[in-house]
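Whatever order the structure lists ligands and atoms in, that order sets their numbers, starting from 1. Please read these numbers as outputs of a predicted model, since none were measured by experiment.
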Amino acid sequence: MPRRLTGFTPSGDLHIGNYFGAIAPIVARQQAADTVAFISDLHALTLEHDPAEVHRRTLEFATLLLAAGADPDACLLMVQSHVPEHTELHYLLECVAGYGEASRMIQFKEKSRRQERVRVSLLTYPILMAADILLYDTDEVPVGEDQRQHVELARDLAQRFNSRYAPIFTVPTAVNPPVAARIMDLANPSDKMSKSAPSPAGVLRLLDPPEVLRRKIMRAVTDPGTTVAYNPEAQPGVSNLLAILSACTGTAPHELAKNFDRYGELKQAVADAVVATVTPIQQRYHDLSRHPEHVRAILHTGAKRARDLAAPKVLAAKQAVGLVPA
Ligand code: TYM
């Protein structure tokens, strides 16, 4: 069975881009793949953050992953900081990564431009991500388009380490969903839907009440003209709505476009489909949040299983670079 692994950073509220980009793909194939999903809480410390919010969201994200269908018997669910091997391997990989390749990462350039004081951990963020991936002999990394470059770096570091020291890492591949790899902000369709968007108006959060989701969708920015066509370059707003509808229904966006004459009808259909997708997740989330001890127990077991997998890999990496075992 291939191993599939992906992570979620508790730095803002989960939205349907996260859901269609990574949560749904991991849940859909958890019986057919050896699946690992985790909350990358250490990654949330790379920017200015409120400790109480990181704490709250870590448990909220874990609960939402379970509510969205992650089955703890099929999917190892854990919190990154509960598995210290992630930071151990992070350091070893820093010693094969170059400053140049880290500083060329698009996300680093974008995020550092917005910061007055850039944390060193923001620069090394993708190297920690490489450690997350390489620790578990991951074959496939289901992610949205924005993480593809980071997975490429993980591939490069695995290959470099393997050829310089010893062939101990599996070289991973990024897997993007066919239509929802880059869901755009509804209020500003030239930007991707993001947890850190300056305004929530165009972000469909998984925990937004149905009426809020409907309102955001009905107010979505569309394009000049009235034809409903799937053409992300020329009609980014309408194409984004079609991509969301496609992700909800499984029908290709250009097929869906034929069913609508007016933008209003399309928006109505998107609102119905998003609410139908999100409502059962919200119901399970509210049930599960009444039992936080149950969620914590799942994370505890997940961390133990993860450490059993990760510890031999770190040991092998340490020996390969010349460290004397304790
Ligand atoms: P994060 O938390 O920003 O996003 C979680 C997942 O959601 C995807 N995503 C999107 N997909 C489609 N459309 C969008 N608008 C959209 N926005 C986000 C992301 O691509 C991601 O798959 N660094 C990662 C977490 C991480 C990780 C890892 C992922 C840490 N270690 C190892 C994979 C493997 C992050 O912050 O994702």
Nearest 0.5 Å, what's the OG1-CZ distance between T138 and R3? 6.5 Å

Can you check whether T9 has an N/O within less than 3.5 Å of an N/O in ligand 1? yes

Main chain of A269, side chain of D272: is a donor-acceptor contact present, judged purely on distance under 3.5 Å? no

Compute the minimum heavy-atom distance from M184 to ligand 1 and say whether it is under 4.0 Å. no

Can you tell which part of I133 has a heavy atom less than 4.0 Å from ligand 1: side chain, backbone, both or neither? side chain

Distance, nearest 0.5 Å, that separates OG1 of T124 from OH of Y91: 12.0 Å

Check A181 against ligand 1 and report side chain, backbone, both or neither, counting heavy atoms closer than 4.0 Å. backbone

Contact atoms of ligand 1, heavy-atom distance to S40 under 4.0 Å: 25 (C), 26 (C), 30 (C)

Give the C-alpha distance, both sets of side-chain angles, the deciding distance and a yes or no for ring-ring contact (aromatic ring centres under 6.0 Å, His included) between F61 and F8. CA-CA 8 Å; F61 278 30; F8 302 87; 7.3 Å; no

Side chain to side chain donor-acceptor pair (under 3.5 Å) partners of residues 245-256, not counting sequence neighbours, each pair once: E255-K258

Nearest to atom 19 (C) of ligand 1 by heavy atom, D41, V143, D146: which? D146

Closer than 4.0 Å to some heavy atom of A180 - which atoms of ligand 1 meet that? 12 (C), 13 (N)

Using a plain distance cutoff, I'd like to know if F38 has any nitrogen or oxygen under 3.5 Å from a nitrogen or oxygen of ligand 1. no

Going by the 4.0 angstrom heavy-atom rule, the piece of R182 near ligand 1 is backbone

Looking at ligand 1, is there an atom of it that comes within less than 4.0 Å of some heavy atom belonging to Y125? yes

Note: heavy atom closest to atom 13 (N) of ligand 1, options V203, I16, N176, I183, belongs to I183

Tell me: protein heavy atom nearest atom 37 (O) of ligand 1, and distance? Q147 NE2, 3.7 Å

Ignoring angles and geometry beyond distance, decide whether L5 reaches within less than 3.5 Å of ligand 1 through its nitrogen or oxygen atoms. no

Would you sort out whether Q282 and H286 count as a side chain to side chain donor-acceptor pair (under 3.5 Å), showing the intermediate values? CA-CA 6 Å; Q282 295 189 348; H286 293 302; 5.3 Å; no

Could an N or O of ligand 1 be found under 3.5 Å from any N or O of K195, whether backbone or side chain? yes

How long is the gap from CG on L323 to CG on L315, to the nearest 0.5 Å? 10.0 Å

Atom indices of ligand 1, in the order listed, that fall short of 4.0 Å to a heavy atom of V141: 33 (C), 34 (C)

Considering only protein heavy atoms, which is closest to atom 31 (N) of ligand 1, and at what distance to one decimal place? D132 OD2, 2.6 Å

Inter-residue atom distance E293.CD - I298.CD1, 0.5 Å rounding: 10.5 Å

With heavy atoms of T6 as the reference, note each atom of ligand 1 found under 4.0 Å away. 29 (C), 33 (C)

Provide the number and element of each atom of ligand 1 under 4.0 Å from a heavy atom of A22. 6 (C), 22 (O)

Heavy-atom nearest option to atom 9 (N) of ligand 1, drawn from L14, L42, N18: N18

Which residues share a side chain to side chain donor-acceptor pair (under 3.5 Å) with K192, sequence neighbours left out: D146

Provide the number and element of each atom of ligand 1 under 4.0 Å from a heavy atom of H43. 30 (C), 31 (N)

Under the criterion side chain to side chain contact (heavy atoms under 4.5 Å, CB included), which of D137, D34, L76 is the partner of L309? L76

Among G17, G144, P126, closest by any non-hydrogen atom to atom 22 (O) of ligand 1: G144

Closest to atom 28 (C) of ligand 1 among protein heavy atoms sits M129 CG, 3.2 Å

Heavy-atom side-chain contact between I244 and V274 under 4.5 Å: yes

Does Q80 reach ligand 1, in the sense of a heavy atom lying below 4.0 Å from it? no

Fit a plane to each ring of Y125 and H150, take the angle between them on a 0 to 90° scale, and name the class: parallel (under 30°), tilted (30 to 60°) or perpendicular (over 60°). tilted

Of all the non-hydrogen atoms in the protein, which one sits nearest to atom 25 (C) of ligand 1, and at what distance? G7 O, 3.3 Å

